[in-house]
Amino acid sequence: MKICLVADKADDLSGKITGGSERQIALLALHLARRGHEVIFVVPGFGGVEKNIDGVILLSGWLPNRGIRWLRFFTYRLPNLKRVLNSVDAEVYYTRGGSLLRPIVLSVARKKKALSMLAVASDKDLYPSSGKVLFAFGNNLLSSLAGPLIYRCFYWPAMRAADWIIVQNTQQMESCSRLGLPHRMIPSIVEMPPSNLLNLPEDIDVLWVGNISKNRRSKGFVELVQLVSMMPDVQFKIVGRLTDPEIQPLLIALRKQQNVYITGPLFYQDVLTAIATAKIVINTSPSEGFSNVMLEAWSLAKPTITLNVNPNNLLGQDKMGYCTDGDISAMATAIRRYLIDDDERRKVGKRCREYVVSEHNPDKVCALYEKLFEERKKVRISYAE
């Protein structure tokens, strides 16, 4: 099967620091290629030459500096992206998350009568209010006004025209049902970490991982700072790119705390090591899809405690950790309970790892995608006859 995946970056394929959503589409590309599919990975703005990375063909959707300034998006970039996508001539077009480019990808697929798939990155991506984040303009007021309008006029029609919306959790599945969107739930891919990471000394109590750049979602940074202040005797490690100007006063205050160590962004293997040496991984985001960090923590037998998110209701008694339903005090209590009870923490961690091995392994996830590919192929053959 010839499959075209479209993403804004190829950093994960190139071994650079990247985010969770970017890693998911890169992992899907790599594992589909390993299963014998012809995989083309198109990246708008990629300035390099065509290359083969572990069986995945990396193509540029457009060159970053070509075209007339101020006009290049409409006069060069979009026409060139359409040309590249058409030239790929794939049987499947897959993209993930939200941007002005997603409708272009789905439109090309529709005209070519190829299978079109749009994967949801966040629970909020299914609603117009997310437009201020998905279509940010560098100005909060402009983003708040124009973003939801762009969502309704361009992104929503594209979602309705996609053959499948790929969702990560039951909450997204229920939203798609209410909205009348064709959908399938396919788990995120998790590669099992090296076995040498499973028995490292746990020299940090609590780990938080997240990237917060301008006009992106908050990740619950205010609540994280509050939690650190509430628990001066607990050691926190904070990993990620924290560049949003709005959080800089909080970041300055956080750096003054004696119980916190801020690393900045780390390469993937270093993030895994940070997880492996922590006792607990926490999440303070107001919403997620299915956090990569959470899944990676589970793969390393680390329970998670969240403030708000509870994908597929997997957090709770006798499960993979706790969700405290927005109660920061309850979150602090849950953290202390796990830190004190080593046996319980390790028992939960073992359950976490077994779940990831069973439900999120690459072969199982790719097989679910291949089932959709084959269903579409049968429909096309039947139609042609």
Side-chain angles (χ1 to χ4, degrees), residues 4-14 16 18-19 21-22 25-26 40-51 57-90 93-112 114 116-119 121-122 125 127-162 211-217 241 243-246:
C4 177
L5 298 98
V6 184
D8 297 326
K9 296 180 181 179
D11 290 351
D12 194 84
L13 285 175
S14 305
K16 299 177 182 178
T18 188
S21 184
E22 293 85 357
I25 194 169
I40 298 91
F41 199 95
V42 176
V43 181
F46 171 61
V49 297
E50 177 182 332
K51 61 176 70 174
I57 305 300
L58 182 61
L59 288 182
S60 172
W62 66 61
L63 296 176
N65 297 318
R66 183 169 293 182
I68 301 170
R69 192 179 182 186
W70 309 117
L71 300 176
R72 59 169 60 109
F73 185 79
F74 294 102
T75 60
Y76 162 67
R77 291 181 174 179
L78 287 186
N80 202 73
L81 178 61
K82 287 183 179 180
R83 180 188 64 77
V84 171
L85 294 175
N86 275 293
S87 70
V88 168
D89 196 26
Y93 287 83
Y94 174 101
T95 189
R96 180 181 175 88
S99 84
L100 281 170
L101 305 179
R102 305 303 182 253
I104 303 300
V105 178
L106 300 175
S107 173
V108 168
R110 188 164 59 253
K111 289 178 181 177
K112 299 184 76 66
S116 60
M117 308 175 81
L118 173 62
S122 169
D125 288 355
Y127 298 97
S129 59
S130 68
K132 64 183 180 183
V133 173
L134 298 178
F135 312 110
F137 290 89
N139 177 283
N140 286 336
L141 179 59
L142 183 58
S143 298
S144 297
L145 294 174
L149 181 61
I150 293 172
Y151 186 104
R152 291 181 184 277
C153 294
F154 297 98
Y155 192 66
W156 175 250
M159 290 178 70
R160 290 191 62 83
N211 296 316
I212 308 175
S213 56
K214 189 175 182 181
N215 294 317
R216 302 306 294 176
R217 295 187 171 97
R241 184 178 287 108
T243 57
D244 186 348
E246 292 188 4

Looking at [atom1] of [X] and [atom2] of [Y], how far apart are the two atoms once the value is rounded to the nearest 0.5 Å?
| X | Y | atom1 | atom2 | result |
| --- | --- | --- | --- | --- |
| Glu246 | Ile212 | CD | CD1 | 11.0 Å |
| Leu63 | Arg77 | CG | CZ | 10.0 Å |
| Thr95 | Arg102 | OG1 | CZ | 3.5 Å |
| Lys51 | Leu13 | NZ | CG | 10.0 Å |
| Tyr94 | Ile25 | OH | CD1 | 5.5 Å |

- Query: Any chance OH of Tyr127 has more than 12 other-residue heavy atoms, nucleotides or ligands included, within less than 6.0 Å?
  - Reply: yes
- Item | Enclosure of Ile68 CD1 (heavy-atom neighbours >12, cutoff 6.0 Å) |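 At most 12 heavy atoms, drawn from other residues, nucleotides or ligands, come within 6.0 Å of this atom.
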What pair of heavy atoms forms the shortest contact from [X] to [Y], and how long is it?
| X | Y | result |
| --- | --- | --- |
| Arg96 | Ser21 | NE-OG, 2.9 Å |
| Cys4 | Val42 | SG-CG2, 3.8 Å |
| Ser60 | Val84 | O-CG2, 3.6 Å |

- Message: Let's go through Asp8 and Leu101 carefully: what are the C-alpha distance in whole Å and the side-chain angles of both, what is the deciding distance for side-chain contact (heavy atoms from CB on, under 4.5 Å) to 0.1 Å, and is it a yes or a no?
- Response: CA-CA 9 Å; Asp8 297 326; Leu101 305 179; 4.1 Å; yes
Give a yes or no answer on whether the side chain of [X] reaches the backbone of [Y] with a donor-acceptor pair at less than 3.5 Å.
| X | Y | answer |
| --- | --- | --- |
| Tyr155 | Pro128 | no |
| Asn80 | Tyr76 | no |
| Ser116 | Leu106 | no |
| Ser107 | Ile104 | no |

- Residue list, ring-ring contact (aromatic ring centres under 6.0 Å, His included) with Phe41, at least two apart or on another chain: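 ring-ring contact (aromatic ring centres under 6.0 Å, His included) list for Phe41, sorted by chain: empty.
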- Any idea how Phe73 and Trp62 line up, ring-wise: parallel (<30°), tilted (30 to 60°), or perpendicular (>60°)?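 The arrangement is perpendicular - the two ring planes meet at more than 60°.
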- Identified side chain to side chain contact (heavy atoms under 4.5 Å, CB included) counterpart of Tyr93 within the set Arg110, Met117, Lys112: Lys112
- Item | Ser213 side chain to Arg241 side chain, donor-acceptor N/O pair below 3.5 angstrom |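 No pair is found: no donor N or O on one side chain lies under 3.5 Å from an acceptor on the other.
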- Query: So Val88 and Ile57, side-chain contact (heavy atoms from CB on, under 4.5 Å) or not? Walk me through it.
  - Reply: CA-CA 11 Å; Val88 168; Ile57 305 300; over 6 Å; no
Distance-only donor-acceptor hits, side chain of residues 43-50, under 3.5 Å, sequence neighbours excluded:
none

